[in-house]
Amino acid sequence: MGSEVIVELQRNSINWANVVGEIVKIERKIFPKHESLARSFDEELRKKNSGLLYTELNGEVAGYVMYSWPSSLCASITKLAVKENYRRQGHGEALLKAAIEKCKKRKVQRISLHVDPLRTAAMTLYKKLGFQVDSLVEGYYSSDRNAYRMYLDSESD
């Protein structure tokens, strides 16, 4: 395994276009067109209360997590993806933990996300990190694809 670095994408960084370009490629490959943010990624990232962390491995983007925090009450993990050849190596977990830490530093009380119940690896990861199923949202992704809304409450350490 090469040298893994988790980087926070800064709005005015010189490599913004390259990183966003790589992420859009991953996004298009992994998510169905109607679930992909590929066409609006740049726009999403420029929103005031949103952040993106990505794993750089051997000079390439191996995975990313996108999150937003509309208020100190709640934050949302909007995307988490790892390239196929880097899966099951702990990158997704490292990214999710880093995003959770960023939210905790902002004193966010609850982090939520949506996940397809059939994505077993994702479900396992979220449960491992303490997320609990809140409810089933019918037709969330499409008329025949539901999602679990999951949440993680911050504990006062």
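Start at 1 with the first residue, then count along the sequence.
Classified by interplanar angle (parallel below 30°, tilted 30° to 60°, perpendicular above 60°), the ring pair H91/Y86 is perpendicular.
Under the side chain to side chain donor-acceptor pair (under 3.5 Å) criterion, N85 pairs with no residue at all, not counting sequence neighbours. In this view, E93 and K97, L125, K128, L129 satisfy the side chain to side chain contact (heavy atoms under 4.5 Å, CB included) rule, not counting sequence neighbours. With sequence neighbours excluded, the residues satisfying ring pair (Phe, Tyr, Trp, His ring centres under 6.0 Å) with Y126 are F131. With sequence neighbours left out, D116 forms a side chain to side chain donor-acceptor pair (under 3.5 Å) with R145. Judged as a side chain to side chain donor-acceptor pair (under 3.5 Å), and not counting sequence neighbours, the contacts of R110 are D153.
Checking I77, D134, V115 one by one against M150, the side chain to side chain contact (heavy atoms under 4.5 Å, CB included) holds for a single residue, V115. For the pairing with K102, the side chain to side chain contact (heavy atoms under 4.5 Å, CB included) check across V108, V65, L53 returns one residue only, L53.
Proximity of a side-chain donor or acceptor of E22 to a complementary backbone N or O of V61 within less than 3.5 Å is detected. Looking only at distances, no side-chain donor or acceptor of S143 sits under 3.5 Å from a matching main-chain atom of G139.
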I'd like to know whether V19 forms a side-chain contact (heavy atoms from CB on, under 4.5 Å) with Y54, so could you lay out the CA-CA distance, the side-chain angles of the two residues, the decisive distance to 0.1 Å, and finally the verdict. CA-CA 9 Å; V19 171; Y54 64 96; 3.5 Å; yes
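Applying the salt bridge (charged side-chain N to carboxylate O under 4.0 Å, His left out) test to residues at least two apart or on different chains, the pairs with a partner in residues 58-75 are E60-K83.
For the pair L152 and G130, the tightest heavy-atom approach, listed with the atom from each and the gap, is CD1-O, 3.4 Å. The shortest non-hydrogen separation linking T78 to S68 is CG2-OG, 4.3 Å. The minimum heavy-atom distance linking G63 with L95 is given by the pair C-CD1, 3.6 Å.
Here SG of C103 is found 7.5 Å from CH2 of W69. Values are rounded to the nearest 0.5 Å. Taking CD1 of I111 as the reference point, atom OH of Y67 lies at 10.0 Å (rounded to 0.5 Å). Between the CD1 atom of I23 and the NZ atom of K79 there is a distance of 12.0 Å, given to the nearest 0.5 Å. Atoms CZ and OG, on R149 and S76 in that order, are 10.5 Å from each other to the nearest 0.5 Å. Taken from OH in Y140 to OG in S135, the straight-line distance is 11.0 Å, to the nearest 0.5 Å.
A donor and an acceptor atom, one from each side chain of E27 and Y64, are located under 3.5 Å apart.
Between L52 and V20 the shortest side-chain heavy-atom distance does not fall below 4.5 Å. P117 has its side chain within reach of L136: a pair of non-hydrogen atoms, C-beta onward, lies under 4.5 Å apart.
Under a hydrophobic clustering in which Ile, Leu, Val, Met, Phe, Trp and Tyr are joined whenever their side-chain heavy atoms come within less than 4.5 Å, directly or via other members, V24 and I26 fall into the same cluster. Linking ILVMFWY residues whenever their side-chain heavy atoms come closer than 4.5 Å, directly or via other members, places V5 and M66 in the same cluster.
Within a 6.0 Å radius of OH in Y148, other residues, nucleotides and ligands contribute 12 heavy atoms or fewer.
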